[in-house]
Peer 1: 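Below is a structure I'd like to ask you about.
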2 protein chains.
Amino acid sequence: MSAEIWLTQLHENGYRLTDARRIVVETVEKSARALTPIEVYDIARKKYRALGLVTVYRTLEKLEELHLIQRVHQPLGCQAFISAGEGHQHLLLCQNCGQVAFFEGDDLDVLTKSIAKKTGYQISEHWLQLFGLCADCRPI
Amino acid sequence: MSAEIWLTQLHENGYRLTDARRIVVETVEKSARALTPIEVYDIARKKYRALGLVTVYRTLEKLEELHLIQRVHQPLGCQAFISAGEGHQHLLLCQNCGQVAFFEGDDLDVLTKSIAKKTGYQISEHWLQLFGLCADCRPI
DNA sequence: TTTGCTAATGAAAATCATTTTCAATAAGTA
DNA sequence: TACTTATTGAAAATGATTTTCATTAGCAAA
Ligand SMILES: [Mn+2]
Ligand SMILES: [Mn+2]
Ligand SMILES: [Zn+2]
Ligand SMILES: [Zn+2]
């Protein structure tokens, strides 16, 4: 998924392509870790001085609405965003540098069926997130 | 786990037992769903008019520090707290009424080992949360 | 191209959640 | 009972996010 595709998506959904949006999209899309609005602002402003923080918020909002990015929940805060995985994927986060990896193939069917039976709940969704240390941050 | 035990825990950790704390503890402990600080404040103030919102924040902070409550992350916000499960447990949330059920017995060893191998991450923690409809809210 | 409509922008103000400050109060120990 | 000091609530401060608004610029149509 490249920044170009995100911009196309925005355009196809009736949003105009502006310099501010291009920079925000590029910044978020190329990041290997989740970024908060302020972080996006600080990084993006190095390339586009006039950028306003409000525009960062507004652009993130639209990207989330189009499912191009997703909010990342972490122990220290839940305001950061990362590009959304394709299909059914979950996140694996490095507790040291924040680097994000996606994974898929989790099969929780047996578990959810058993829990549904025990609790009487009708289960329709799950959140799964792994934490650890990436190859770079792992002790030798 | 009863409110009495929470109060004892607070006391044993050097915190004084005050009316404000008693009401906050009772409110959070008896709730079947996660409550935000404002919700705790509104409910608790029905029994203790003079309660200040700041005290709610401060008490929740201490209860979390003693692992008696835990923060609950949800799509609409991450400021709510619920009494903490005992041992290794996860949450199952009703998307309609917010009722919380705990479950345990998830075994993610096979999955995490496989993901660790694939990604090179050293995995040490996981977040798992199920969503659905509780027995009361489920369609017939 | 140029034009015209209006979505998008950034600054400033407003709002909302949370934290800090502070003087008064009350818990708990001696 | 008296004393020490943690705790309280009000108010102010802070920080994040949203709203307002006048100006600018994207882009579709001429
Ligand atoms: Mn899954
Ligand atoms: Mn588990
Ligand atoms: Zn790392
Ligand atoms: Zn329910």
Side-chain angles (χ1 to χ4, degrees), chain A residues 3-4 6-28 34-66 68-69 71-81, chain B residues 4 6-28 34-66 69 71-81:
Chain A
E4 291 310 316
W6 290 21
L7 293 170
T8 305
Q9 286 278 321
L10 282 169
H11 201 206
E12 283 175 355
N13 283 82
Y15 296 118
R16 295 181 181 174
L17 298 186
T18 67
D19 288 347
R21 276 179 188 163
R22 271 184 261 266
I23 296 292
V24 171
V25 161
E26 184 192 314
T27 303
V28 178
L35 300 176
T36 62
I38 285 280
E39 286 174 329
V40 172
Y41 177 68
D42 288 338
I43 296 169
R45 233 159 56 98
K46 287 178 183 151
K47 295 208 168 179
Y48 186 69
R49 223 48 221 179
L51 181 65
L53 177 58
V54 192
T55 299
V56 173
Y57 273 97
R58 289 191 279 227
T59 304
L60 292 175
E61 185 177 87
K62 283 165 184 58
L63 292 175
E64 189 182 23
E65 167 193 317
L66 296 176
L68 295 170
I69 62 174
R71 185 178 295 270
V72 177
H73 299 257
Q74 290 182 265
L76 288 174
C78 306
Q79 323 88 317
F81 292 88
Chain B
E4 291 310 314
W6 291 20
L7 293 170
T8 305
Q9 286 278 321
L10 282 169
H11 201 205
E12 282 175 355
N13 283 81
Y15 297 117
R16 295 182 181 172
L17 298 185
T18 66
D19 287 347
R21 276 181 185 159
R22 272 185 260 265
I23 295 293
V24 170
V25 162
E26 184 191 315
T27 302
V28 177
L35 299 176
T36 63
I38 286 280
E39 286 174 328
V40 173
Y41 177 67
D42 288 339
I43 296 169
R45 234 159 55 98
K46 286 177 183 154
K47 294 207 169 182
Y48 187 68
R49 219 53 218 177
L51 181 66
L53 178 56
V54 193
T55 299
V56 173
Y57 274 97
R58 291 191 278 227
T59 304
L60 291 176
E61 185 177 86
K62 283 165 184 61
L63 292 175
E64 189 180 25
E65 167 193 318
L66 296 177
I69 62 172
R71 185 178 294 271
V72 177
H73 299 257
Q74 290 181 264
L76 289 173
C78 307
Q79 323 90 313
F81 293 88

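These numbers were taken from a predicted model, which means no experiment stands behind them. A note on names: the letters A, B, ... follow the listed sequences, proteins ahead of strands, and every chain is numbered from 1. Excluded from the calculations below are hydrogen atoms, water molecules and symmetry mates; all remaining heavy atoms, backbone and side chain alike, are included.
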Peer 1: Between L63(A) and L10(A), is there a side-chain heavy-atom distance shorter than 4.5 Å?
Peer 2: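 Counting from C-beta outward, L10(A) and L63(A) do come under 4.5 Å.
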
Peer 1: From CG of L76(A) over to P of dT18(C), roughly how many Å is that when rounded to an integer?
Peer 2: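 Rounded to whole Å, this separation is 16 Å.
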
Peer 1: Determine: side-chain N/O of H11(B) to OP1/OP2 of dA27(C), distance under 4.0 Å, yes or no.
Peer 2: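 False: H11(B) side-chain N/O out of range (4.0 Å or more) of dA27(C) OP1/OP2.
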
Peer 1: Rounded to the Å, how far apart are R16(A) CZ and dG10(C) P?
Peer 2: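 That distance rounds to 15 Å.
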
Peer 1: Given side chains that start at C-beta, do those of L51(A) and V24(A) come closer than 4.5 Å, heavy atoms only?
Peer 2: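 With C-beta onward as the side chain, the pair touches.
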
Peer 1: Do R58(A) and dG10(C) share a donor-acceptor pair, side chain to base, under 3.5 Å?
Peer 2: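 Counting by modelled atom types and ignoring angles, a donor-acceptor contact under 3.5 Å is found here.
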
Peer 1: Of all the choices, dT7(D), dG26(D), dT17(D), which nucleotide is nearest to the side chain of T18(A) once you look at every atom?
Peer 2: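 Nucleotide nearest to T18(A)'s side chain: dG26(D).
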
Peer 1: How many Å lie between OH on Y57(B) and P on dT18(C), as a whole number?
Peer 2: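 Distance, rounded to whole Å: 3 Å.
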
Peer 1: Measure the distance from CD on E39(B) to P on dT18(C) and round it to the nearest whole Å.
Peer 2: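 About 11 Å, once rounded to whole Å.
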
Peer 1: How about R22(B) and D19(B): do any of their side-chain heavy atoms sit closer than 4.5 Å?
Peer 2: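 When only atoms from C-beta onward are counted, D19(B) and R22(B) do touch, with a gap below 4.5 Å.
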
Peer 1: Specify the separation, in whole Å, of atom CG of L17(B) and atom C1' of dA26(C).
Peer 2: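 Distance check: L17(B) CG to dA26(C) C1' gives 13 Å.
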
Peer 1: Measure the distance from CD1 on I38(B) to P on dT18(C) and round it to the nearest whole Å.
Peer 2: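 Rounded to whole Å, this separation is 8 Å.
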
Peer 1: Given that A20(B) and V54(B) both sit by DNA chain D, which one's nearest nucleotide is further toward the 5' end?
Peer 2: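 The residue mapped nearer the 5' terminus is A20(B).
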
Peer 1: In whole angstrom, what separates E61(B)'s CD from dT7(D)'s P?
Peer 2: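 Those two atoms, CD and P, are 11 Å apart.
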
Peer 1: Is the closest side-chain heavy-atom distance between I69(A) and W6(A) below 4.5 Å?
Peer 2: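 Answer yes - side chains close enough.
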
Peer 1: Report which part of the nucleic acid Y41(B) touches: base, sugar-phosphate, or nothing (heavy-atom distance under 4.0 Å, all strands).
Peer 2: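 No contact.
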
Peer 1: Mind grabbing the angle between the end helix axes of the helix from dT1(C)-dA30(D) to dA30(C)-dT1(D)? Five pairs an end, 10° rounding.
Peer 2: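 End axes: 40° apart.
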
Peer 1: With sequence neighbours excluded, what pairs up with Y57(B) under the side-chain hydrogen bond (donor to acceptor under 3.5 Å, both in side chains) test?
Peer 2: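 For Y57(B) there are no side-chain hydrogen bond (donor to acceptor under 3.5 Å, both in side chains) partners, ignoring immediate neighbours.
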
Peer 1: Within the side chain of R71(A), is there an N or O that forms a donor-acceptor pair under 3.5 Å with the backbone of C78(A)?
Peer 2: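 At least one qualifying donor-acceptor pair exists.
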
Peer 1: Report the C-alpha distance between Y48(A) and E26(A) in whole Å, list the side-chain angles of each, state the deciding distance to 0.1 Å, and finish with yes or no for side-chain hydrogen bond (donor to acceptor under 3.5 Å, both in side chains).
Peer 2: CA-CA 12 Å; Y48(A) 186 69; E26(A) 184 192 314; over 6 Å; no

Peer 1: When the distance from CG of L53(A) to C1' of dA8(C) is rounded to whole Å, what number comes out?
Peer 2: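 Interatomic distance, CG of L53(A) to C1' of dA8(C): 16 Å.
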
